[in-house]
Amino acid sequence: MKRVVMDGGYIKLYRSIDSWEYRQDPNVFSVWIRLLTMANYESKQWNGIIIERGQCVTSVNVLVKECGLTTQNVRTALKKLEKSGNLTRKTTNKYTIVTICKYED
């Protein structure tokens with residue numbers, strides 16, 4: 001899966017993240033920050049699909065490579081983030097569309 005790399009830009013990260021429930025879990029924290037930086041800041045079309053603001057297209061394999069974690073670590077982190085209401089996922093056999101809940105916050 002080829003991923004478009006965005007150079008420049010920034011995300012706003014509040015200090016309150018230090019009190020976030022998964023702050024002390026390095027695997028979940030790493031995956032979360034990576035997803036935040038991958039999320040679209042504006043809607044874009046990808047392979048005929050509109051990827052909205054606050055969404056990104058990725059896969060477990062991409063997150064494994066980019067976060068330096070095992071496949072099981074990434075899957076567990078994604079499950080925790082989804083269960084806690086931080087994100088939702090729509091998965092196919094080739095990619096996953098991740099939606100950051102409360103992206104505007």
Side-chain angles (χ1 to χ4, degrees):
M1 176 178 174
K2 184 179 177 187
R3 197 173 69 72
V4 176
V5 177
M6 292 187 307
D7 292 330
Y10 67 93
I11 62 167
K12 192 183 285 189
L13 192 61
Y14 290 98
R15 287 187 175 92
S16 61
I17 198 162
D18 284 336
S19 60
W20 182 50
E21 65 181 308
Y22 292 116
R23 177 62 182 98
Q24 299 303 318
D25 185 328
N27 296 341
V28 176
F29 193 74
S30 176
V31 170
W32 179 243
I33 297 299
R34 186 65 199 117
L35 290 170
L36 287 175
T37 60
M38 291 171 70
N40 282 354
Y41 62 90
E42 62 186 16
S43 297
K44 295 182 181 178
Q45 190 161 337
W46 176 82
N47 288 353
I49 302 167
I50 299 294
I51 307 301
E52 301 290 342
R53 176 177 166 84
Q55 292 182 319
C56 64
V57 178
T58 190
S59 69
V60 170
N61 289 337
V62 167
L63 292 171
V64 164
K65 291 175 188 170
E66 293 188 356
C67 296
L69 301 172
T70 66
T71 300
Q72 189 58 49
N73 289 152
V74 169
R75 285 186 178 146
T76 299
L78 289 170
K79 285 178 189 173
K80 287 180 179 180
L81 290 166
E82 191 168 31
K83 186 176 179 182
S84 64
N86 289 285
L87 61 82
T88 61
R89 296 182 285 168
K90 182 178 177 185
T91 302
T92 72
N93 62 340
K94 295 182 181 179
Y95 61 86
T96 298
I97 297 176
V98 174
T99 302
I100 307 293
C101 298
K102 300 181 183 176
Y103 182 76
E104 297 302 324
D105 293 348

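Treat the numbers as computed from the prediction; the structure is a model and nothing was measured.
If you take NZ on K65 and CZ on R34, they are separated by 13.5 Å, rounding to the nearest 0.5 Å. I49 contributes atom CD1, which lies 7.0 Å from atom NZ of K90 (distance to the nearest 0.5 angstrom). With rounding to the nearest 0.5 angstrom, the CG atom of L78 is 11.0 Å from the CG atom of N73. Atom CD of E52 sits about 14.0 Å away from atom CD1 of I100, to the nearest 0.5 Å. Distance check: I50 CD1 to Q55 CD gives 10.0 Å after rounding to the nearest 0.5 Å. Rounding to the nearest 0.5 Å places CG of L35 at 6.5 Å from CG of L87.
The nearest pair of heavy atoms linking A77 to V31 is CB-CG2, 3.9 Å. Between N86 and W20, the shortest heavy-atom distance links the atoms OD1-NE1, 3.7 Å. Nearest heavy-atom pair across V57 and M38 is O-CE, 4.0 Å. Closest approach of S43 and R53 over heavy atoms only: OG-N, 3.6 Å. Nearest approach of V64 to L69, heavy atoms of both residues: CG1-O, 3.1 Å. Nearest heavy-atom pair, N40 versus Y103, reported as atom, atom and distance to 0.1 Å: O-OH, 3.5 Å.
Using modelled atom types, one side-chain atom of T92 and one backbone atom of K94 make a donor-acceptor pair closer than 3.5 Å. Put simply, the side chain of S30 never gets that close to the backbone of P26: no donor and acceptor are under 3.5 Å apart.
No path of Ile, Leu, Val, Met, Phe, Trp and Tyr side chains, each step under 4.5 Å between heavy atoms, connects I33 with Y14, placing them in separate hydrophobic clusters.
Contact of the I17 side chain with the F29 side chain is registered, since non-hydrogen atoms from C-beta on lie closer than 4.5 Å.
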Derivation of the side chain to side chain contact (heavy atoms under 4.5 Å, CB included) call for T96 and V60:
CA-CA 8 Å; T96 298; V60 170; 5.7 Å; no

